[in-house]
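Report on the structure given below.
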Amino acid sequence: MQARRLCVHLALAAAVALPAAAQQAPAPPPAAVTLIQNVRIFDGKSAQLSGPSHVLVRGNRIERISAAPIAADRRADTVVIDGGGRTLMPGLIDAHWHVMLVRPTPVAAITNDPSYTSLVAGVEATDTLMRGFTTVRDMGGPSFPLKRAIDEGLVAGPRIYPSGAMISITGGHGDFRQMFELPRQVGGPPTRTEQVGGSMIADSPDEVRMRVREQLMLGASQVKLTAGGGVASPHSPLDVSTFTLEELRAAVEAASNWGTYVATHAYTPAAIARAIEAGVQSIEHAHLMDEATARLIAEKGVWLSTQTFPEDMGQAFPPGSDERSKFEEVLAGTDTTFTLARKYKVKTAWGTDILFSAALAKRHGALLASMARWYTPAEVLKMATSDNAQLLALSGRRNPYPGKLGVVEEGALADLLLVDGNPLQDINLVADPARNFLVIMKDGKVHKNLLTSAAR
Ligand SMILES: [Zn+2]
């Protein structure tokens, strides 16, 4: 009796200690098998396609790649796809995405009920996957519930590497308060963006540590701080450096104790240099960087995660507003940034940072294709697959999807696109995914297949 009571207590204690996700973990699905015949492979790295090949996917991994035909599994649920000599490539990765902020306006993102925001984001996540983006690194926003729903198979969407709330100083990029909300009472109630998990304000090394650790507890795979001013926030001039060196170091220490890294939003040479001095591993944007900064980023082996913004993105901000003129300043720096990144062979990741526009999200692939202004098609696709995957791997033990991403290799996670044509010759194929991506597979599951199954 005594022993049984003790067991019950232990079981209860264990149940309370377990996170909710673990208590309700669904049974793993049976290992589906897909045989993709007769394709030429862009493996995520090489500038050339392979010869005719056959690829066997079992469960969520690529099991075998062979130049010789692979015998079809005689299981009833084996899907056989005749690639017809088309191109098989890794699923695309967007290294700077905001799953919760693609569709709402800035005001809606703050004022809407978070449940509604999540539902809208879920629909957008499905569209994101159907554009061929099988993984995103989320650089700010309360994406944890949506990530969970996607991972559980409730919503179709990309893998999400979540940062959770981005962390800002008072008045920095991410402080969306109105002036009448000042002064903030120390220890007082959270601001609206803190309540919804969009951004957190921290004004000392201790506060930074606490906010970083909160995001890590929520499941952040990396941490995002804003080290300088930003376009979309109302109170931060672009030229400012925000967190002190000690504050940035506190974040880096807390993240590295947790086995992962810090990424910082930073446009200017001063903000970038301070972030690098503190041990930040990924600089986001850097559109105002100079020659010395590019050299520094290269020397330190830090990642530059950047993008080309479309000109009409500025329409999210009212004409004549500060935000609009900040956007134009950033836009003007883009060419220099990519030119310097190439010149100094900076480790460069690519992400769009699409915000507040469903229309712009439809041009996701076109934004990738526009990188051909600075890079060859093979370099563009390598950046959006295997290079971006290297950046994701910095999450180390906090990587939510351990395994190889961004490559077509035996043993890699099976995120695959079948492209109707050769994107190494015509990068614009990726701009029209509805038409040109005939098959979209994520984690071994076929989410789109416009080809009829071949006879087995
Ligand atoms: Zn961003």
Side-chain angles (χ1 to χ4, degrees), residues 93-106 109-110 117 121 124-125 128 133 135-143 146-147 158 160-169 172-176 193 196-200 215 220-236 238 242-243 251 261-268 271-272 275 280-289 303-310 313-314 316-317 323 326-327 329-331 333-334 337 348-358 360-361 363-364 367-368 384 388 391-392:
I93 301 172
D94 190 318
H96 192 120
W97 191 245
H98 296 274
V99 287
M100 306 303 289
L101 301 174
V102 177
R103 291 197 183 184
T105 62
I110 291 171
T117 305
E124 173 54 41
T128 305
F133 286 85
T135 301
V136 298
R137 191 175 63 134
D138 193 276
M139 287 286 98
S143 63
L146 177 58
K147 175 188 183 296
I160 297 175
Y161 281 74
S163 302
M166 59 181 184
I167 300 166
S168 168
I169 65 158
H173 182 51
D175 183 350
F176 293 97
T193 51
V196 300
S199 59
M200 294 287 166
Q215 300 315 309
S221 49
Q222 66 285 321
V223 174
K224 158 91 176 286
L225 274 76
T226 58
V231 170
S233 46
H235 314 303
S236 67
L238 273 186
T242 54
F243 284 109
Y261 69 98
V262 171
T264 55
H265 162 110
Y267 285 115
T268 63
I272 295 167
V280 165
Q281 292 292 305
S282 174
I283 301 295
E284 307 298 313
H285 313 307
H287 288 79
L288 304 177
M289 78 174 178
W303 279 88
L304 168 67
S305 161
T306 190
Q307 58 278 123
T308 169
F309 292 117
M313 194 173 185
F317 313 110
E323 289 92 325
K326 287 193 283 187
F327 176 78
E329 193 180 341
V330 163
L331 194 64
T334 310
T337 296
T348 309
W350 171 86
T352 50
D353 200 19
I354 290 173
L355 289 164
F356 314 129
S357 172
L360 207 51
R363 284 155 54 196
H364 207 168
L367 286 172
L368 177 59
N388 274 357
L391 169 59
L392 296 174

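For ligands, and for the atoms within them, numbers begin at 1 and follow the listed sequence.
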- request: Determine the minimum heavy-atom distance between E329 and L238, stating which atoms define it.
  value: OE1-CD1, 3.5 Å
message: Please give me the minimum heavy-atom distance between I283 and A266, naming the atom from each residue.
response: CG2-O, 4.1 Å
- request: Indicate yes or no: at least one non-hydrogen side-chain atom of D175 is less than 4.5 angstrom from one of I169.
  value: no
- prompt: Between T193 and S199, does any side-chain donor sit less than 3.5 Å from a side-chain acceptor?
  reply: yes
field: Distance-only side-chain donor-acceptor flag, T352 / D94, under 3.5 Å
entry: yes
task: Report yes or no: does K224 contribute a side-chain atom to a donor-acceptor pair with the main-chain N or O of H265 at less than 3.5 Å?
output: no
Residue-atom pairs from the protein, N, O or S only, that lie under 2.8 Å from the Zn ion (ligand 1): H96 NE2, H98 NE2, D353 OD1
